[in-house]
2 protein chains.
Amino acid sequence: MTAQERRTAVIRAAVTEFARGGYAGTTTAAIARRVGVSQPYLFRLFPDKRAIFLAAADHCTAEIRRAFERAGEGLEPRAAHDAMAEAYTGLTADRDKLMFQMQMYAAVYTAESDGDEEFAARIRAHWNELFEAVHLRLGADGRETADFLGTGMLINVLLALGFPADHPLWVACGHDHPGKRRYG
Amino acid sequence: MTAQERRTAVIRAAVTEFARGGYAGTTTAAIARRVGVSQPYLFRLFPDKRAIFLAAADHCTAEIRRAFERAGEGLEPRAAHDAMAEAYTGLTADRDKLMFQMQMYAAVYTAESDGDEEFAARIRAHWNELFEAVHLRLGADGRETADFLGTGMLINVLLALGFPADHPLWVACGHDHPGKRRYG
DNA sequence: CAACATAGTGATTGGTCAATAACTTTCTCG
DNA sequence: CGAGAAAGTTATTGACCAATCACTATGTTG
């Protein structure tokens with residue numbers, strides 16, 4: 001297996017592990033175990049743990065953005081809204097991917113608190129990417145965009161907390177079971 | 001100072017430290033330093049680190065719930081919505097308090113992943129408290145409640161990422177500066 | 001085949017951290 | 001006063017973890 005293929009495998013494993021443990025709570029050994037390589041080998045593929053997290057953030061955000069772009073392509077705001085909501089619902093089937101997003105947000109405040117401004121800026125840029133992608137397709141309507149993203153963030157929290165599908169809030173999100181239906 | 005007073009001081013310090021570092025990323029030494037006691041003394045006041053986090057969660061959630069209750073007291077759904085939104089805006093002035101909330105949500109998935117179901121259940125119960133408090137005052141309208149909480153969660157993320165007050169999303173939330181204005 | 005690159009491992013280390021144990025200080029009250 | 005309780009400390013330990021180092025194996029190519 002080439003180093004590049006391994007790097008991709010590491011990133012995928014990192015998303016899962018970081019989603020569950022957060023940045024500090026995840027060991028490089030756990031990531032290595034999931035990939036099926038020795039722990040020291042990770043440091044041949046990436047300079048350090050921080051770089052693994054950031055690479056996972058790049059990967060994960062790009063994937064979500066592409067999902068929105070594909071869904072909303074060529075549609076009018078109203079139809080784009082429904083299509084993107086549907087796309088997001090599809091993403092909730094992979095709890096790890098969305099939980100990793102939450103861990104990214106949490107990590108920004110941590111990074112800022114210990115002066116890692118570059119880290120913070122990079123995650124912020126990722127979120128802005130997502131924001132722009134949605135905003136554009138919703139006709140640059142700030143209110144609509146805020147509603148859409150707000151619902152998305154609420155879904156993230158419901159998913160984090162593991163609420164059952166019949167909870168009133170899941171129902172109110174029009175999302176009666178993770179992996180099914182749409183919201184909005 | 002009595003043990004009980006110290007415990008309260010520890011909880012306050014814990015909210016700040018956990019908000020910035022997350023559960024795993026926060027050391028008991030950091031909490032102790034902030035309180036102004038020695039690190040081992042924390043273990044006279046609480047059985048372990050986990051208990052400190054949970055106590056902070058109890059405290060923090062109760063405070064937010066009370067803010068909603070006070071704000072919405074005796075008002076009709078529409079007025080209650082505005083008053084509670086205003087109250088939440090007031091809370092954003094203390095970034096640590098809201099970031100701790102996010103860390104709580106993140107910690108649930110971690111706890112679930114390593115089988116600490118009691119921990120998960122307790123945080124879930126806290127969120128449900130908040131949900132019920134809001135839901136009731138918004139006339140038990142699921143849609144309204146989801147919108148309200150969704151906006152709240154979006155605000156949390158904007159706060160976590162440290163977006164400047166003139167970002168379109170802050171504006172769309174009707175919340176042009178942390179510590180000022182209302183949303184909704 | 002020899003030289004070199006690429007992929008990968010095992011052993012180790014220096015630092016960090018939650019938690020324990022043993023001890024000190026200060027207040028209170030019979 | 002003196003004895004006990006309550007508040008608090010210093011020193012320490014065992015476990016864990018990111019990162020380094022030295023080494024092995026497996027092609028590949030001139």
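All values reported here derive from a predicted model rather than from experimental measurement. All chains are named by letter (A, B, ...) in the order of the sequence lines, taking the proteins before the strands, and each is independently numbered beginning at 1.
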S.K.: Test salt bridge (Lys or Arg N to Asp or Glu O under 4.0 Å) on B:Arg122 and B:Asp58 and set out the steps.
M.R.: CA-CA 9 Å; B:Arg122 214 152 130 196; B:Asp58 292 352; 2.9 Å; yes
S.K.: May I have the distance from A:Glu17 (atom CD) to D:dA18 (atom P), rounded to whole angstrom?
M.R.: 12 Å
S.K.: Ring pair (Phe, Tyr, Trp, His ring centres under 6.0 Å) with A:Phe148: which of A:Phe131, A:Phe68, A:Tyr88?
M.R.: A:Phe68
S.K.: Could you tell me whether B:Arg66 and B:Glu129 have a side-chain N and a carboxylate O separated by less than 4.0 Å?
M.R.: no
S.K.: Given D:dG8, is OP1 or OP2 found less than 4.0 Å from the side-chain N or O atoms of B:Arg6?
M.R.: yes
S.K.: Does the distance from a Lys or Arg side-chain N to an Asp or Glu carboxylate O, for A:Arg78 and A:Asp82, drop under 4.0 Å?
M.R.: no
S.K.: Do B:Phe53 and B:Phe119 have their ring centres less than 6.0 Å from each other?
M.R.: yes
S.K.: In residues 26-56 of chain B, which ones come under 4.0 Å of DNA chain D, going by heavy atoms?
M.R.: B:Val37, B:Ser38, B:Pro40, B:Tyr41, B:Arg44
